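Chain letters run A, B, ... following the sequence lines, proteins first, then strands; residues in each count from 1. Keep in mind that the numbers below use all heavy atoms, side chains included, and drop hydrogens, waters and symmetry copies. Nothing here was measured: the structure is a model prediction, and the numbers come from that model.
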Amino acid sequence: MRMSQLFFQTLREAPADADTVSHQLMLRASMIHQIAAGIWDYLPLGLRVKHKIEDIFREEMDAIGGQEVTLPVVHPAELWQQTGRWYQIGSDMARLKDRAGRDLVLAMTHEEIMAELAAAYVSSYRQLPFMLYQIQTKFRDEPRPRAGLIRTREFTMKDAYTFDRDNAALDAYYPKFYQAYFNIFNRCGVDTVAVKSDSGNIGDSTAHEFLAITPIGEDTLVICDNCGYSANRQVASFAKSAPVAAAQQPTEEVATPGAETIAALAEFLGIAESETAKAIFLMADIDQPDGTVKSQFVFVVVRGDMELNETKLTNGIKARRLRPAVVEEIRAIGAEPGYGSPVGIRRDQVLLVVDDLIPSSPNLVAGANKVDTHLRHVNYGRDYTADLVLDLVAASDGHPCPNCGSPLHTVRGVEVGNIFKLGTKYSVAMGATYLDENGESKPIVMGSYGIGTGRLMAVAIELHHDDNGIQWPITIAPYQVMLVSLATEKTPEVTAAAEALYQSLKAAGVEVLYDDRDERAGVKFNDADLMGIPLRLTLGAKGLKNGIAELKLRRNGEQRELPLATIVASVQEIIAAEFARINARAVEMPYEG
RNA sequence: CGGGGAGUAGCGCAGUUUGGUAGCGCACAGCGUUUGGGACGCUGGGGUCGUAGGUUCAAAUCCUAUCUCCCCGACCA
């Protein structure tokens, strides 16, 4: 491609709206263009990167038996009504009507369509297993798109689905994805860690998410450097040290004027925060056996030095969602905000859930459900009992690793992919069944596996850039070689040589972007750096006289001179070496179910 | 949805306090000089000042409403 023909306009300054590096660099390099919040154009350069990434998806999916399909972006509402998600999902799902007034939805994901496809085609166990995937646009009306391509509303996703006859077969397929995902990310130059993830509302089966460690991440990851334990903070556990045992002392009221927070309370009484009990008031929507949803007051008690992990609580009480209770609701159950206590509340109206550290922590200070008053020496079992005792608290920096006891630390990560054992939820709902050897009808067991292309592209930039621009791994770079001609009007021989070199590189199958513009050297070099093409070949009058062109590697600035006589072969060798360098990262990863 | 910030030329910004009919840098076009890390000179094109009302002789500027974008949080199948 000739730069003089390329559709682009590099920017010297990033638009003020952009404040993450990948966002700024993609805008400055003319890779993407914004249309609305979370909705983007891919320009020629950016699209080439997207295609490179997607080609890697295809290779890795095909390698584990995948077959590519394309499913629609607009779905009839009926399919989503069949699985119930039409009713469960709120305004994240974009809905529209066709000319006849029929309800349609914009695809947020494709479980329904995939299950429908399986239902339509599969009748026998002999057809199983199989795996289908697609690379398709999805739309989720995210409440807050952010950071360029990191979180968008319209996005492209590679989503794959497995169809197996039973859980054992799915369990056998699942690790192949685990490995394929590492291969994909490694081949894109993106280091990831796989952690078991919260499987949310869909069953209680295994799921992993793949996170790239970067400060711009939206997820918090808990990591142990000593033994390699890692988990999303939503589900991370830690070794809770046993509290010091002590004889239970009689409860007594103590005046604590104004001590409405744990910190203030501990300070006022001159005790450690671990000697207090923290009360948290929530309202939970909980599904009832009769199919209705009940709004339940949930009274949570954790030790004062701990933080509630709402994901653990949500899962533990099987709530659909949680929200903080308002003052009126708190008073209605006999508690007082800031001075809440599990002792003396209207127990029949409350679901009381305590962290499993509480029963073994003696003589805690809790509220008295009266303003400016607390209770000393509150003891679980003697003074109150809970409906549920669970692990409810969030792991944090410094907490002991649950495996080895070393201190944990937290880092930020971006979820670039996830794999998920779906089970039979969708196949049952969509009637995707097969007949086994005994003529018995059984639901197909499904798995789903997703990777966001744009997000992966953005993360690659977050991990590979310097002050001058992007440093694409060659596997996903828009072009492999940037050929910079430094010809001027006075050196037509340089133009001729550059043209010839451009043609030979192209003929040899090298992906080359040829800067044939009438620009000064500095402009060309800066654009080359910004766009991040891995190899830069510079051909100028001096070099031509000596029969050489200069090669510079974008990723480390390494330079060497290449004789023009053998330059095509040299470039091909270097490209191959760059590929080998990246691909060597795709190694076997032990699967930890 | 809560909190904060911002909408003036493709990009970055000034002008708004104190109303007087829009400006700077980059980019873009032409000419000339230049030519190995974002050249220089001259000339030129481009803006309903987010939108709609209102106040006023006069509104980018004051008032009201509204839309959009960004950041933090909530949310995230």
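For G15(B) and G20(B), the C1' atoms lie 14 Å apart once the distance is rounded to whole Å. C26(B) and A39(B) are spaced 11 Å apart, taking the P atom of each and rounding to whole Å. C63(B) and G19(B) have their C1' atoms separated by 13 Å, with the value rounded to a whole Å. Across the C1' atoms, A6(B) and A14(B) are found 15 Å apart, a figure rounded to whole Å. G50(B) and A59(B) have their P atoms separated by 15 Å, with the value rounded to a whole Å. One P atom belongs to U8(B), the other to U51(B), and the distance between them is 10 Å to the nearest Å.
The two atoms that bring Met482(A) and Met531(A) nearest to each other are CE-SD, 4.1 Å, heavy atoms only.
The side chain of Gln9(A) lies closest to C28(B), out of G38(B), G25(B), C28(B). Taking the side chain of Glu550(A) as heavy atoms from C-beta on, and the options C71(B), C11(B), G36(B), the nearest nucleotide is G36(B). Minimum atom distance to the side chain of Thr538(A) is reached by G36(B), of the listed G12(B), U35(B), G36(B).
Between Arg146(A) and the phosphate of C72(B), there is a side-chain N or O to OP1/OP2 separation shorter than 4.0 Å.
The ring pair (Phe, Tyr, Trp, His ring centres under 6.0 Å) test with His208(A) singles out one residue from Phe177(A), Phe420(A), Tyr174(A), Tyr181(A), and that residue is Tyr174(A).
Ion pair Lys425(A)/Glu111(A) not flagged as a salt bridge, since none of the NZ, NE, NH1 or NH2 atoms sits closer than 4.0 Å to an Asp/Glu carboxylate oxygen.
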